[in-house]
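Inspection log for the structure reproduced underneath, given as structure tokens.
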Amino acid sequence: MILRTHYSGDIHPELDGQEVTLAGWAHEIRDLGGICFLVLRDREGLAQVTMVAKRTEKPLLESVRQLSRESVIRVVGSVKAEPKAPRGYEIIPISLEVLGRADSPLPLDPTGKVDAELDTRLDSRFMDIRRPGSLAVFRIESAVLQSLRQTFYDHGFLEVITPKIVATATEGGTALFPISYFEREAFLNQSPQLYKQMLMSAGMDRVFEIGPIFRAEEHDTRRHLNEAISVDMEMSFADHNDVMDVLERAMVEAYRFVQENCKRDLDVLHLDLVVPKTPFRKVTYSEALDLAKEAGKPTMEWGDDIDTETERALGSIIGEHYFLTDWPSSIKPYYSQPYEDRPDVSKAFDLMHPSMELASGAQRVHDPEQLVSRIKDQGLDPDGFEFYLKAFRYGMPPHAGWGLGLGRVVTTMLGLENIRDAVIFPRDRRRLVP
RNA sequence: GUCCGGAUAGUGUAGAGGCCUAUCAUGAAGCCCUGUCGAGGCUUCGACCCGGGUUCGAAUCCCGGUCCGGGCGCCA
């Protein structure tokens, strides 16, 4: 049996006289003596329960006065339209039931009157998310996921789930977390890349996956985590420009969807969301170096990966989402396809927000011999990729794809200071609990 | 990994060698209060990260450790 008939957000003054049952947390109790206000909070907002001492049964009033903040309660009462009350209504209680008593003191203040540091909030994340501002972020994240999935379905993609426990490194470069797998060593997957590509050989044509990826890098910044949610796609019979189009569309749709469906959450966060303008500007790697030089950042050589300072400089010059294209082949993974006429440049791209990289993708190498030679060129052993290479030898279509960091999308969309704000239970260099 | 900064009641803070029996807010406990909505008023409770050192005297200075924040590096 569902213990409530309404969320607080469902109630309005026109329900005057109707009996309702609310369930939630005792957000605040303000006892003025002759009149006592109890503010109940649920996922959809706040509702004021009002008790005039003279007109309220003693035991009911007593139970409210003994309530600890943040206890879980269920209130049966009648709606009363009341101009003096917040949102024009209040609940006159008939009965109150304590479903879960809260200890005191609380690990942080869920009303937000007193701030808490990120570390304190993460230690007690369950309590932090009771704060409307934290909840709003994750409601928006849910909307972003809903919108991204819808965009994929609209473009004829199939949702897939690939293994997170793998035998070997996906692509070299990044460090992996080793795990014990019965009598063998295995690893947590750093990317669904190889599996997505094999599904192109399988003829699934267009696939996407939204799931965790694991990087054992000791990075320690506001935009990196060791467990991240990657929004990944792969598309057959398409090139890098085609998948950039899908990415641009997915981003813009996500912004629109949030703007349309998360008005209250955006209000809570005091945000006026602006949908990025399309088309996103495309800046080649070489142009980016020139821009950086003009801005007085001449230290980078062609072939260097773009460092943080240059990335920031570009961000402030360009000032909106942009694609960074035509990367040197040497600094992109082996599966990125070089241009036929200038093999030192690849059909690889990053989607950039002015403050950080959001996604990276490419048209892929689909010729098995070229792939083997690219693997060797990057100092990797093709034998370790046999399960992957096999899929290329029996009819692999041309394909392209990308991976997008969900946490970074939400962080940049909402202007959050730290990616940990956008992840419910973040995993970083130090944090493994909760 | 490295550089810089930090650690004071449950939470957020003040504090610059004696003014500290440590500030303020929030909270908790109690009392007053019939329209609060960051309610108000009064009383009470609750803290200097750990270890060493300097000094007559250390929250404050020094050393080591632990933890935290930020920058960079590393990072499809």
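Per chain, numbering begins at 1; letters A, B, ... match sequence-line order. No experiment lies behind these values; they were computed from the predicted model shown.
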Please determine, for [N], whether a Watson-Crick or G-U wobble partner exists with both distances under 3.5 Å, and give it or none.
{"N": "B:G69", "value": "B:C4"}
{"N": "B:C20", "value": "none"}
{"N": "B:A25", "value": "B:U11"}

Does one side chain, of [X] or [Y], offer a donor that lies under 3.5 Å from an acceptor on the other?
{"X": "A:Gln197", "Y": "A:Tyr388", "value": "yes"}
{"X": "A:Ser95", "Y": "A:Glu97", "value": "no"}
{"X": "A:Ser336", "Y": "A:Ser346", "value": "no"}
{"X": "A:Ser134", "Y": "A:Arg131", "value": "yes"}
{"X": "A:Asp307", "Y": "A:Thr310", "value": "yes"}
{"X": "A:Gln48", "Y": "A:Arg87", "value": "no"}
{"X": "A:Trp25", "Y": "A:Ser71", "value": "no"}

According to the interplanar angle, ranging from 0 to 90°, do the rings of A:Trp327 and A:Tyr285 count as parallel (below 30°), tilted (30 to 60°) or perpendicular (above 60°)?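 Taking A:Tyr285 first and then A:Trp327, their aromatic rings sit tilted (interplane angle of 30° to 60°).
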
Tell me whether the rings of A:His240 and A:Tyr339 are parallel (<30°), tilted (30 to 60°) or perpendicular (>60°). perpendicular

Nearest-angstrom distance, [atom1] atom, [N] to [M]:
{"N": "B:C62", "M": "B:A58", "atom1": "C1'", "answer": "11 Å"}
{"N": "B:G10", "M": "B:G57", "atom1": "P", "answer": "30 Å"}
{"N": "B:G6", "M": "B:G12", "atom1": "C1'", "answer": "15 Å"}
{"N": "B:C74", "M": "B:G15", "atom1": "C1'", "answer": "39 Å"}
{"N": "B:U11", "M": "B:C68", "atom1": "P", "answer": "15 Å"}
{"N": "B:G51", "M": "B:U13", "atom1": "C1'", "answer": "27 Å"}
{"N": "B:U54", "M": "B:G64", "atom1": "C1'", "answer": "15 Å"}
{"N": "B:G53", "M": "B:C42", "atom1": "C1'", "answer": "47 Å"}

Least distance between heavy atoms, [X] atom then [Y] atom:
{"X": "A:Ser63", "Y": "A:Leu96", "result": "OG-CD2, 4.0 Å"}
{"X": "A:Ser329", "Y": "A:Pro338", "result": "OG-CB, 4.0 Å"}
{"X": "A:Ile331", "Y": "A:Asp304", "result": "CD1-O, 3.6 Å"}

Taking only nitrogen or oxygen atoms into account, show me every contact under 3.5 Å that the protein makes with nucleotides 1-8 of chain B, one pair per line with its distance.
unit_1, atom_1, unit_2, atom_2, d
B:G1, OP2, A:Glu218, OE1, 3.0

Whole-Å distance between [N] [atom2] and [X] [atom1]?
{"X": "A:Glu309", "N": "B:G71", "atom1": "CD", "atom2": "P", "result": "14 Å"}
{"X": "A:Leu416", "N": "B:G70", "atom1": "CG", "atom2": "P", "result": "13 Å"}
{"X": "A:Met356", "N": "B:C72", "atom1": "CE", "atom2": "C1'", "result": "16 Å"}
{"X": "A:Arg65", "N": "B:A28", "atom1": "CZ", "atom2": "P", "result": "16 Å"}
{"X": "A:Leu61", "N": "B:C33", "atom1": "CG", "atom2": "P", "result": "13 Å"}
{"X": "A:Asp31", "N": "B:A29", "atom1": "CG", "atom2": "P", "result": "12 Å"}
{"X": "A:Trp327", "N": "B:A76", "atom1": "CH2", "atom2": "P", "result": "11 Å"}

So for [X] and [N], does any side-chain atom that can act as donor or acceptor lie under 3.5 Å from a complementary atom in the base?
{"X": "A:Ser191", "N": "B:A76", "result": "yes"}
{"X": "A:Ser68", "N": "B:A28", "result": "no"}
{"X": "A:Arg364", "N": "B:A76", "result": "no"}
{"X": "A:Glu90", "N": "B:G35", "result": "yes"}

Between [X] and [N], is there a side-chain N or O to OP1/OP2 distance below 4.0 Å?
{"X": "A:Arg431", "N": "B:C67", "result": "no"}
{"X": "A:Asn226", "N": "B:C75", "result": "no"}
{"X": "A:Lys113", "N": "B:G27", "result": "yes"}
{"X": "A:Ser336", "N": "B:A76", "result": "no"}

Starting the side chain at C-beta, find the nucleotide from [options] nearest to [X].
{"X": "A:Arg222", "options": "B:G35, B:G71, B:U36", "value": "B:G71"}
{"X": "A:Asp307", "options": "B:G73, B:A76, B:C72", "value": "B:G73"}
{"X": "A:Arg69", "options": "B:A28, B:G73, B:A76", "value": "B:A28"}
{"X": "A:Phe37", "options": "B:C75, B:U36, B:G70", "value": "B:U36"}
{"X": "A:Glu217", "options": "B:A76, B:C37, B:C74", "value": "B:C74"}

What distance do A:Ile210 atom CD1 and A:Met233 atom CE have between them, rounded to the nearest 0.5 Å?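 Rounded to the nearest 0.5 Å, the CD1-CE separation comes out at 12.0 Å.
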
Whichever of A:Thr221 and A:Ala85 has the more 5' nearest nucleotide on RNA chain B, that residue is A:Ala85

Nearest nucleotide by nearest heavy atom, which residue falls closer to the 5' end of RNA chain B, A:Arg420 or A:Gly33? A:Gly33

Please list every donor-acceptor pair under 3.5 Å in which a side-chain atom of residues 315-322 of chain A meets a protein atom from a residue at least two apart or in another chain.
unit_1, atom_1, unit_2, atom_2, d
A:Ser316, OG, A:Ala313, O, 3.0

What parts of residues 45-57 of chain A reach RNA chain B, counting only heavy atoms under 4.0 Å away? A:Gln48, A:Val52, A:Lys54

Passes side-chain contact (heavy atoms from CB on, under 4.5 Å), A:Lys196 versus A:Thr162? Steps please. CA-CA 8 Å; A:Lys196 288 190 303 179; A:Thr162 64; 5.7 Å; no

Is there any ring pair (Phe, Tyr, Trp, His ring centres under 6.0 Å) pair reaching into residues 206-230 of chain A, and which pairs are they, with sequence neighbours excluded?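 Passing the test, one end in residues 206-230 of chain A: A:Phe152-A:Phe208, A:Tyr153-A:Phe208, A:His219-A:His224.
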
Find every protein N or O atom lying less than 3.5 Å from an N or O atom of nucleotides 44-48 of chain B, and list the pairs.
none

Please tabulate the protein-to-nucleotide N/O contacts below 3.5 Å involving nucleotides 10-13 of chain B, giving atom names and distances.
unit_1, atom_1, unit_2, atom_2, d
B:G10, O2', A:Leu106, O, 3.0
B:U11, O2', A:Asp115, O, 2.7
B:G12, OP1, A:Glu117, N, 3.0
B:G12, OP1, A:Thr120, OG1, 2.8
B:G12, O4', A:Asp115, O, 3.0

Could you check whether atom OH of A:Tyr181 has more than 12 heavy atoms from other residues, nucleotides or ligands sitting under 6.0 Å from it? no

